[in-house]
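Worksheet for the structure shown next.
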Amino acid sequence: MTRNEFICLLPYMILAAAPVILMLIITISRNLKVIYGFSLLMFLMAFLSLFIVMPSANCNIDSLLTIDSFGVLFLGIILLAGIFITILSYQYLSMHDGEREEYFIILFVGVLGSSILVIASHFITFFLGLEMLSISLYVMIGYLRSRGYCIEASVKFLVIASVATAFLLFGMGLIYAGSGSMVFQDIGKSMGEMTRISPLIFAGFGLILAGVGFKLALVPFHMWTPDIYQGAPVPVTTFIATISKGSVLAFALRLFINTGGYKNGTLIIIISAISVLSMFTGNLLALGQVNIKRLLAYSSIAHLGYLLITLITGTPSGIEAAIFYIAAYTITSIGAFGVISILSVHERDADNIEDLKGLFWSNPGIAIVLSLAFLSLAGMPLTAGFMSKFYLVLAGVKSGLWLLAFSLIINSVISLYYYLRVIKTMFTSSETAKSVSLTPASRLVLVLIVTGILFLGLFPSWITDLISTYLGIN
Amino acid sequence: MILVLLILILMAGGLLAWLAGRSNPLLARLISLGVIIINLILTLVLYLSQEKSVGQRWMVEFSRNWIPRAGIGIHLALDGISLLMLLLTFLIGIMAVLVSWKEINKNTGFFHFNILWILAGITGVFLSIDLFLFYFFWEVMLIPMYFLIGIWGHENRIYASYKFFLFTQASGLLMFLAILGLYLVHGKETGSYTFDYQQLIGTKMSPTIEFLLMAGFLAAFLVKLPAFPFHNWLPDAHTEAPTAGSVILASLMLKTGAYGLLRFAVPLFPDASAVFAPAGMVLGIAGILYGAKLAFAQTDLKRLVAYTSVSHMGFVILGVYAFNEIAYQGVVMQMIAHGISTGALFIIVGQLYERLHTRDLERMGGLWKEMPAMGAMGLIFSMASLGLPGLINFVAEFLTLLGTFKVSILFAIIASLGLIASAIYSLRIMQKVFFGSKNDGVNSKDLTLREAVVLGILVAAVFIPGIFPQPIIKTARPAIMKIVNERDNINVTGARVPGNSAHRASVTVANLPEDNIPGVAKYPYSDLKPASIDLNKKL
């Protein structure tokens, strides 16, 4: 292993060392605060190590891992989200009793899995990352054993994720049989040499699409999402919505671009159909929800539908739009779920829309954060969501995907209805609403999120310029 | 820089008023009032210094990069039309703050935050000449308005606020798609991807694409205006909003639609506009007559006034698609006239509601005896609404009809029927509210000093330009001539698709009996004597 490769893997080493160190600390003394402080430190170190990686980020380790600028950008988003989720998890877990310390170990394993996904360039490493992510998710979803919903969600996720994994494995096998390689680049090369893509590879791509569809909760593989969003503890839901989905999308983008899948007409038609269906299904089903977590689950189906547009464009501006969208969506989701997490009490999560009644008058600060987050999800100006939708639509219409752009526009209008309903609920007066006291850490999270949403909404060029110069796009 | 300041002052003032309102509602009101007055003074300074910029395309211009890689800039510019609109915006803004002085006691700080941010959005719309920025501000004004209706509105406010938001947002997004389309078409054609209005003007495109893109813009503007048959959201939103909300909606927000037509839809898509012109004029006439008919049929006073907006804005569409200077002067005048007179009528409705706690016409009547001052105000603004000579609305409607007459005598004749209809509904207001027999048990005090000052200023604002419209015409003239000349030049040279310019000729030139109309000069516009001045002498 050369020095350069060593530097490239620095964040991964920190992430991999963290669970071991945490385990050792637990054997010495069980203290949530210590574990929390240490997790935060490790995450920060991993994040800061990215700045060392960034200048030299161009290594291909045995064609298993490709640490390139694309991967590093996604890794940055994942680690930032990890920091926020750690803070929220601590807040959340300190309300509960029992063995809470191991949660952070599993969190690190999950983040490590996702981080591998974004740099995987070989089916083996992809599978490794995906399984690390999934297995830690089974545990995290069911972490609050005393809650019925948690166990139900965990078992459901176990079954569905296993089925999805089976699809993926079979798909990989077929592609290997058809192309003789498991490296994305080589698959692309051998596909390029074929005059007609062999049915084996085609079926393989179909199965992988289904597997990825399960993970991203795209229609028609979306059924599990609302139950699991609702059942999981709020910080875990945040993890699924941001880190898990973002990393799988990064994998899909890399696979598609490296193998040239975006040039295949049939695949494009299938993905376009999935995209449009996801947008409409997600938004239409969200209309009637009274549970915020379920509502956000359906909304995430729609958002992933929007994001599929970038998969089809396959252009540099599409990738840029995807990274910006994921960044904006991540920070916005953390804002929305973070508020719910802060409002939650020991017995239950504050995920009913009624819980938000009168929030604007009892806790104006929190209500502003949540309003901003929802306006951002709806794509209103001044917020990150607006700019991310703008880049997405722009990338889409530049590639001539007018139908998809049009469908995104229609869906934005539909989605407004339920986002506004949540905001409206916060403004209705209520006698029962009481003021919530915020800890300094959660106050900091909320302030950072508001700043992030507004900053991305007002000065997007700072981020997009970074993305584009880094990726070498003009 | 002063243009950016106008917007920033409002936004900062909004935040300040919100913070202040949490401890002291009065302070929030004062901040809000003070901020708008500062802006009005700044705009007046701009108005007084307009002589300096004679011959320039824009009186004041501000340009900075925002998102350079996507060709987006913070490009603000002011010409005569936007200057007049800004004056109207801040004048009405002051009225909106004053009328809610007593009416709004709940969450006063947040209320004024919303008012100031709506005004900031509207100011941005009137100043932006970067299409992306324009859309940005177009959307910025929606959310505070949604809150204004949804929190402080009347019984049915939630429904109304949803309806308002979804209608305007859906149509706005269609415009956004069209903006992106125009951006791409221009970028492919010239290689420079930009949202800048001045560069996008004159983009060559095929007739089909031009028409589709124009349709996207029209969707936003015709809904906002509102034109028949997209007026459905308006009565609900106007009726359920608090008085200040109705005033801002009617007087300012509708104007953004009219302004958009004049500034963007027509200059950016001249050929498609020519094709659309007859249909547009029919929509305008339908709006004039249908709005008037519905206004007559209402029993809710506020709804009645709301429908008169549909009718009055019909004249705007009619004038916009007449494509000549006189009609455009009429359109600008109508925007101001409607802003003042309808705003005033909504204020009177609000004042009646504070006293009687009803908007039902059947439960009013005979109020003149106890409230002669308010009755007199009601009379003045009803007369303004029906277009009595000597008031600004008359000038506006007359110029619009005259401009239309040049293009189509038939349309002008049918549209002028609207004047009769407006007389009917305006007189009905007077008769039902102030005359007739009095209902018992109502407590009706006459105008307080604050209310009298508000209405008094507005009375002056309908009378003075009604008698001396020249300053307004003069301010708007260079900007209007620019729009008309740009169309005209393209028309004369026939630089575009030949089939299309022939089509346009049939609309605008062929059936114009210009020479027969006294006081109206003929083509080319370059040697047009200030025709409007002649007209005004005749008035």
Side-chain angles (χ1 to χ4, degrees), chain A residues 317 320-321 360-361 364 367-368 371-372 374-375 378-383 386-387 389-391 393-400 402 405-421 423-429 457-465 467-469 473-474, chain B residues 11 18-19 22 65-72 74 106-107 109-110 117 121 124 132-133 135-143 146-147 149-152 157-158 161-185 187-188 193 195 212 216:
Chain A
S317 62
E320 188 189 336
F360 197 83
W361 314 124
I368 291 167
S371 309
L372 258 182
F374 272 81
L375 289 176
M380 295 309 290
L382 293 175
T383 65
F386 172 69
M387 284 298 170
K389 267 197 186 134
F390 163 69
Y391 281 112
V393 174
L394 191 61
V397 291
K398 261 187 186 167
S399 304
W402 282 96
F406 196 67
S407 143
L408 188 152
I409 296 282
I410 293 173
N411 274 282
S412 291
V413 179
I414 302 175
S415 70
L416 256 179
Y417 184 80
Y418 58 84
Y419 291 132
L420 282 182
R421 200 168 44 124
I423 295 174
K424 183 211 75 192
T425 314
M426 290 192 274
F427 283 97
T428 47
S429 52
L458 287 174
F459 309 103
S461 51
W462 289 32
I463 310 295
T464 54
D465 284 353
I467 295 174
S468 59
T469 47
I473 310 165
N474 285 314
Chain B
M11 288 184 159
W18 190 357
L19 288 177
R22 292 175 70 175
N65 274 338
W66 184 15
I67 309 174
R69 271 190 333 113
I72 300 170
I74 299 184
K106 199 177 72 170
N107 314 310
F110 189 53
W117 275 63
F132 187 86
L133 194 67
Y135 176 74
F136 186 86
F137 283 120
W138 184 266
E139 298 280 294
V140 161
M141 62 185 176
L142 292 189
I143 303 164
Y146 167 79
F147 286 147
I149 301 173
I151 299 178
W152 291 274
R157 58 179 178 272
I158 301 295
S161 58
Y162 270 125
K163 200 166 174 182
F164 162 76
F165 202 99
L166 292 178
F167 262 78
T168 41
Q169 176 70 10
S171 60
L173 281 167
L174 288 177
M175 174 172 77
F176 185 55
L177 214 51
I179 289 176
L180 284 181
L182 183 62
Y183 168 81
L184 287 176
V185 168
K188 275 191 187 131
Y193 286 88
F195 284 97
L212 280 175

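Per chain, numbering begins at 1; letters A, B, ... match sequence-line order. Just so it is clear, the model here is predicted, and its values are computed rather than measured.
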Nearest non-hydrogen partners of [X] and [Y], listed with the distance:
X         : Y         : answer
Thr464(A) : Arg69(B)  : O-NH2, 3.5 Å
Ala170(B) : Val413(A) : CA-CG2, 3.5 Å
Phe136(B) : Leu458(A) : CZ-CD2, 4.1 Å
Leu166(B) : Tyr417(A) : CD1-CD1, 3.8 Å

Atom group of [X] that falls short of 4.5 Å from chain B, counting heavy atoms:
X         : answer
Phe386(A) : side chain
Trp462(A) : neither
Ile414(A) : neither
Leu375(A) : side chain

Phe406(A), CZ atom: more than 12 neighbouring heavy atoms under 6.0 Å: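 Not more than 12 within 6.0 Å, no.
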Chain B contacts, top residue of Leu420(A), Ile409(A), Ile423(A) (heavy-atom pairs, under 4.5 Å):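 Winner by heavy-atom pair count: Leu420(A).
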Where does [X] contact chain A at under 4.5 Å (heavy atoms): side chain, backbone, both or neither?
X         : answer
Tyr162(B) : side chain
Ile151(B) : side chain
Leu184(B) : side chain
Asn65(B)  : neither

Chain A interface, residue from Ile143(B), Leu174(B), Ile158(B), Asn107(B) that has the most non-hydrogen pairs under 4.5 Å: Asn107(B)
Pick from Phe137(B), Phe176(B), Phe132(B), Tyr135(B) with the largest number of heavy-atom pairs that fall under 4.5 Å of chain A: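 Greatest number of close heavy-atom pairs with chain A: Phe132(B).
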Donor-acceptor pair, side chain of Trp66(B) and main chain of Pro460(A), under 3.5 angstrom: no
Ring centre gap for Phe147(B) and Phe360(A) strictly below 6.0 Å: no
Interatomic distance, Phe165(B) atom CZ to Leu416(A) atom CG [nearest 0.5 angstrom]: 5.0 Å
Atom pair CG (Leu173(B)) and NZ (Lys389(A)), whose distance is rounded to the nearest 0.5 Å: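 Interatomic distance, Leu173(B) CG to Lys389(A) NZ, rounded to 0.5 Å: 8.0 Å.
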Note, Lys424(A) side chain near Ser161(B) side chain (heavy atom, < 4.5 Å): no
Non-neighbouring partners of Lys398(A) that pass salt bridge (Lys or Arg N to Asp or Glu O under 4.0 Å), sequence neighbours left out: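 Applying salt bridge (Lys or Arg N to Asp or Glu O under 4.0 Å) to Lys398(A) gives none.
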Plane angle bin for Phe390(A) and Phe195(B) - parallel if under 30°, tilted between 30 and 60°, otherwise perpendicular: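 Tilted.
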Any residue meeting ring-ring contact (aromatic ring centres under 6.0 Å, His included) with Tyr391(A), in chain and number order, not counting sequence neighbours: Phe324(A)
